[in-house]
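Shown next, in structure tokens, is the structure this report addresses.
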Amino acid sequence: MSLLVADQLSKTYKSTGWFRSDQSADQGVHHISFTIESGSCLGLLGESGAGKSTIGKIILGLLAPDSGKVLFQGVDLYAASRSQRKELRRDLQVVFQDSYSAVNPRMTIKQIIGEPLRNYERLSAKEEIRVISELLEMMGLRADDMYKMPSQMSGGQLQRVNIARAIALKPKLVVLDEPVSSLDMIVQKQILLHLKELKEKHGFSYLFISHDVMAIHTLSDQVAVLDNGTIVETIDAESLFDTVHPSCQRIVGAKSSDQFEGFVF
Amino acid sequence: MGVIRNIQWIVGRQRVTTVIPVVLLLIIVLAGIFAPLLAPNDPNFVDLSHKLQGPSPQFPLGTDQLGRCLLSRLLYGTQVSLSLALLIVTACVSIGLVIGSLAGYTGGKVDGIIMRICDAILAIPSLILAISLIAIWGAGWKQMAIALIIVQSVYYTRFIRGMVVNLKQQTYVVAARIMGTSPVRMVTRHIIPNLLPSLFIVVTLEIGWVIMDISALSFLGLGVQAPTPEWGAMINEGKTFIRSHPRLIIAPGVIILCVVALLNIIGETLGDKNGKAIPMRKAAKHSNKLKGGQHEREGNHS
Ligand SMILES: Nc1ncnc2c1ncn2[C@@H]1O[C@H](COP(=O)(O)OP(=O)(O)OP(=O)(O)O)[C@@H](O)[C@H]1O
Ligand SMILES: [Mg+2]
């Protein structure tokens, strides 16, 4: 059984207000289908506005699709009962692009990482500190960083905290919505390698959303290429650059060339 | 703990210009708290043989028409006005936090119904509504307090609801939902702590207006009753002597003016320093507008 099945998901944003433009009619995503196998990473590649985050929100149970189904571990996410949903949530976590806005500015790192633990696990104060230190060290941070406030950390460090929080409950699937896009190249690479290592060691699965071909290529096993709200091609990551699909070539080509320019110092 | 951190967050980064009004206000507050120690005489001791005397060593600010020490009455009046204002604002903030977060966080029909009720109450000028309620219940400080709480908590509810709706969309609130945080925890841990700095500023501005309301209603004989010393009630009692002994109404008038002005200066400065204050300042301006009529009336008398 696949870990996650997205079956013919469609969602259009209805424009509210008196002046509807024709353009707004096809904003959203249409007939999105893909599967994520346990322990693998599906890359979702597309340009800005293609609908990547929309798909992420639907998968996370935050945005009900107009039609189609999300089966997570065989259970329909949007037909599940409340208690079922709470249990499913535990196995379905997220890392957002902007590390600062994803954490409560008034909480310490310890409270931030401790939040999912407190919601699902009864740990003693001592155990909690031990688990949090382990998670921080796993992400290449120091254990006593847990007493810092978010404002005392760099964007890259804080994104590591966000990842630590997402994997605290050992979820089955982590949705990564552009987790490294606002970081510099070197930090991007480090975090991607970290994510890859976590996946291999602990068997996490990812839905990795990005507009960056190189990042997608580094982390994903399979890539779904999204153009204008529909998936135009799903291919293995290795053969991403050999794609023959024209709009897929355009997206891969355009992105990879500017990436390569970035590498020339 | 969170509250303390929030207050530190607001107070921590202020400069001398904010410190001066805070210190002045603190002096007035302390004078009120320690009125029993500071007052030279019993504020309610009637001695007609000393009536309407000018300042003297025994009566530093002179006496009123019943021979009571004006300074002592002012000091005790500070206690009465400030504690009443604090009581009313605390009640309003509590009501506002509960109903406002309920409406804002739940959304949908609950929100719709609560907001329509608020709109209906807001449609009537607040002081007129308070006066009507007191007319039904009879005059007295308790009735006045309840009437003002009902009228004022609507502003707080609306303000807090708006903040909650806004904060609910923040990424960290969405993230907390995904992490399985319960709605109650979400409101108490993520939403309320992040609206407290703005709320603190609104409260600072609003306390001034509540003090004006209390004085205005007491001046009209609807609130604090004689012989209890209260600034508005003192102006009311002294108004007969406006020509012969204007000091009887100037003294309480000046105190009201100072306290309200200081609270406004503090609130505005805090608002300017934290960018977050903008929606709240709008809320405060909105309620100022509605209360404009009262402001003028108060001004004429004092
Ligand atoms: N809440 C919303 N209401 C209306 N339209 C929306 C809403 N959210 C997104 N859209 C529209 O849907 C389309 C897809 O948005 P989405 O956020 O999924 O794009 P994206 O691929 O994540 O882009 P980016 O790389 O910039 O994050 C966009 O055209 C956007 O304008
Ligand atoms: Mg996006």
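Other residues, nucleotides and ligands contribute at most 12 non-hydrogen atoms within 6.0 Å of the NZ atom of A/Lys69. Other residues, nucleotides and ligands contribute over 12 non-hydrogen atoms within 6.0 Å of the NZ atom of A/Lys199. Under a cut-off of 6.0 angstrom, the local environment of OH in A/Tyr78 is crowded, with over 12 non-hydrogen atoms contributed by other residues, nucleotides or ligands.
A/Glu115 touches chain B through its side chain: at least one heavy atom from C-beta onward sits under 4.5 Å away, while N, CA, C and O do not. Heavy atoms closer than 4.5 Å to chain B are found nowhere in A/Arg85, neither backbone nor side chain.
Taken from CZ in A/Arg106 to CD1 in B/Ile192, the straight-line distance is 13.0 Å, to the nearest 0.5 Å.
Pairing each heavy atom of A/Pro105 with each of B/Tyr172, the nearest pair is CD-CE2, 3.8 Å. Considering all non-hydrogen atoms of both residues, A/Leu92 and B/Ile178 come closest at O-CG2, 3.6 Å. Considering all non-hydrogen atoms of both residues, A/Ala102 and B/Ala175 come closest at O-CB, 4.1 Å.
In this structure, the side chains of A/Leu62 and B/Val174 come closer than 4.5 Å at one or more pairs of heavy atoms.
Within residues 93-108 of chain B, no residue has any heavy atom less than 4.5 Å from a heavy atom of chain A.
For the salt bridge (Lys or Arg N to Asp or Glu O under 4.0 Å) condition, no pair includes a residue of residues 169-197 of chain B, sequence neighbours left out.
Checked by atom type and distance alone, the side chain of A/Asn119 pairs as donor or acceptor with a backbone atom of B/Met179 at under 3.5 Å.
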